[in-house]
Amino acid sequence: MNQLALHPNVYATGQNKGLVNILEDVWVRNHRPGDGTLFVVSGFGNYNGGVRFYETFKEHTRRGGRITAVFSGSTRSRLTSKQVVHEMLGCGADVHIINRKRLLHAKCYGALTDEGNSLVVTSGNFTGPGMSQNVELSVLLDRETTASMQFSWDGMVTALLRQNWDYHRPSLGDLAAPAWRLLYDEQAAELVLDDSAEVTMLLRLSHADTARINAAPGTNAGKGSQYFWLSKDCFDFFPPLTIRNERGHKATYSCLVTMKYMDIGVEDPNCRVTFEAENNLDFRLGTGPLRYRGIAAAGDIAAITRTGEATYELRIFREGTRQFERLREYTINLIGHQGKSYGFVNNSDFEGLTGVHLQRIASRRGAPRIPTV
DNA sequence: GGCACTGGGTCT
DNA sequence: AGACCCAGTGCC
């Protein structure tokens, strides 16, 4: 069925409230791994844009399916990252990079199987922001519709690649090839956070988030990892989740950040953010230093402030305090089934609402910014 | 000891 | 089946 969504969570004609959900329709729910070809066309691309689907893609090509991806590249602008292209190639995709003074700015995704062409036309890039917190509009056209309008993926991609443009085909076999110079390193040390990404996540905690925080040492309630469970709509709040698990058989994608626990004066340079790609799709923030501290209970707000590309400050605001009441109205996204909610506020507003003083990272004038498209 | 893993649960 | 919720085990 055709459907349209203005996301995240603004308006939708169908069940799917976001672009990732719509793509799950096309690539997971209504697709058998190995069937036909999956398509990704996007002007911009970064690692977290695809992290939900890398396992899906691998299974698809392992069973004989194909994947065609087309991204924009440039030596001057940060359009598509080396990390996402590397991962897509590892998934078995054919990746085409278009280097053009006026960039390919189209975004569409879909699948071609014996049953027809599914097409998602969207403003959302294949990036964390495009898939998460940017306001984007997406339309899914089903196989009947694409047939009636005589759309075919083969026709469009053939026409796209037939243009007299500067095309490159990066490969894992030659990482020094010119194609890779059209891609940027999203983990480069000199990249600094864009102003618009200097935001604070406000998360109302639930029982599972705080059980270990309130456990008595030595009891069963304190066993296991201390996490905050996050919404998957928050991929763009964290650095690229490029670290793969080493033991275990279920794929996870994680990254390490520096977390400053302002309430207890602890700084953890190895705070792990994990996407459990093959275990319930959990998205978890490891907060081990809070164990046994008793400083947060269900209902309280955890404020997680991004002060740099991989540096955060965490503060707990207890329910009932004046600061809590001011912050609560920002936790507008209702998730889960235990009353959890979350939201974002920009860092200056957060300082005004709470009176806290953030330890800002001095951002160098003219330093290259992390794209937020 | 702590946390990467595991594998369920529950509601929608 | 998705998306948070939950309670550990056992490896490092």
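In what follows, chains carry the letters A, B, and so on, assigned in the order in which the sequence lines appear, proteins first and then strands, with residues in each chain numbered from 1.
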Margin query: More than 12 heavy atoms of other residues, nucleotides or ligands under 6.0 Å from CZ of R66(A): yes or no?
Written below: no
Check: In whole Å, what is the span from the CG atom of L23(A) to the P atom of dG2(C)?
Finding: 13 Å
Next item on the list: Under 4.0 Å from any atom of DNA chain B, heavy atoms only: list the residues of residues 222-246 of chain A that qualify, in numerical order.
Entry: G224(A), S225(A), Y227(A), N245(A), E246(A)
Notebook entry, point to check: Are D263(A) and R293(A) close enough for a salt bridge, meaning some N to O gap below 4.0 Å?
Noted result: no
Notebook entry, point to check: When you match Q338(A) and V28(A) each to their closest nucleotide on DNA chain C, which lands nearer the 5' end?
Noted result: V28(A)
Notebook entry, point to check: Between F235(A) and Y253(A), is the gap from one ring center to the other below 6.0 Å?
Noted result: no
Margin query: Quick one, R204(A) with E319(A), criterion salt bridge (Lys or Arg N to Asp or Glu O under 4.0 Å). Give me CA distance, side-chain angles, the key distance, then yes/no.
Written below: CA-CA 9 Å; R204(A) 285 205 80 183; E319(A) 188 165 13; 3.1 Å; yes
Margin query: Suppose clustering is done on Ile, Leu, Val, Met, Phe, Trp and Tyr with side-chain heavy atoms closer than 4.5 Å. Which residues sit in the same group as F324(A)?
Written below: L202(A), I301(A), F317(A), L327(A), Y330(A), V345(A), F350(A), L353(A), V356(A), L358(A)
Next item on the list: Please collect all ring-ring contact (aromatic ring centres under 6.0 Å, His included) contacts where either partner lies in residues 166-224 of chain A, sequence neighbours excluded, each pair once.
Entry: none
Next item on the list: With the side chain of R29(A) defined as its heavy atoms from C-beta on, choose the nearest nucleotide among dC6(C), dC5(C), dG2(C).
Entry: dG2(C)
Check: Centroid-to-centroid, F53(A) to Y109(A), below 6.0 Å?
Finding: no
Checklist line | M131(A) CE to dA3(C) P, straight-line distance once rounded to whole Å | finding: 13 Å
Check: Just by modelled atom types, is the S72(A) backbone N or O under 3.5 Å from a matching donor or acceptor in the T80(A) side chain?
Finding: yes
Next item on the list: Kindly state which residues belonging to residues 257-284 of chain A come within less than 4.0 angstrom of DNA chain B, counting heavy atoms of the residue only, listed by number.
Entry: R272(A), E276(A), N279(A), N280(A), R284(A)
Note to self: Please check: side-chain N/O of N134(A) versus main-chain N/O of T372(A), any donor-acceptor pairing under 3.5 Å?
What the structure shows: yes
Check: Can you check the L203(A) CG to dC4(C) P distance for me, whole Å?
Finding: 11 Å
Next item on the list: Look at the side-chain heavy atoms of Ile, Leu, Val, Met, Phe, Trp and Tyr, link any pair under 4.5 Å apart, and say whether V135(A) and L4(A) land in one connected group.
Entry: yes
Notebook entry, point to check: Just how far, in rounded Å, is P of dA3(C) from CG of D209(A)?
Noted result: 18 Å
Next item on the list: Could you check how far CD1 of I335(A) sits from C1' of dC5(C), rounded to whole Å?
Entry: 11 Å
Next item on the list: Grab the CG-P distance between L334(A) and dA3(C) for me, whole Å please.
Entry: 16 Å
Item checked: Interatomic distance where CD belongs to Q15(A) and P belongs to dA3(C) [whole Å] -> 13 Å
Next item on the list: Start with the C-alpha distance between H357(A) and Q359(A), add both sets of side-chain angles, then the distance that settles side chain to side chain contact (heavy atoms under 4.5 Å, CB included), and finish with yes or no.
Entry: CA-CA 7 Å; H357(A) 183 65; Q359(A) 300 176 2; over 6 Å; no
Next item on the list: Report yes or no: is there a donor-acceptor pair, N or O only, under 3.5 Å between the side chain of R212(A) and the base of dG8(C)?
Entry: yes
Notebook entry, point to check: salt bridge (Lys or Arg N to Asp or Glu O under 4.0 Å) with R244(A): which residues, sequence neighbours excluded?
Noted result: E55(A)
Notebook entry, point to check: Given that A211(A) and G336(A) both sit by DNA chain C, which one's nearest nucleotide is further toward the 5' end?
Noted result: G336(A)
Next item on the list: Figure out the NE2/C1' separation between H337(A) and dA3(C), and round it to whole Å.
Entry: 9 Å
Item checked: Nucleotide range of DNA chain B lying under 4.0 Å from chain A heavy atoms -> dC3(B) to dC11(B)
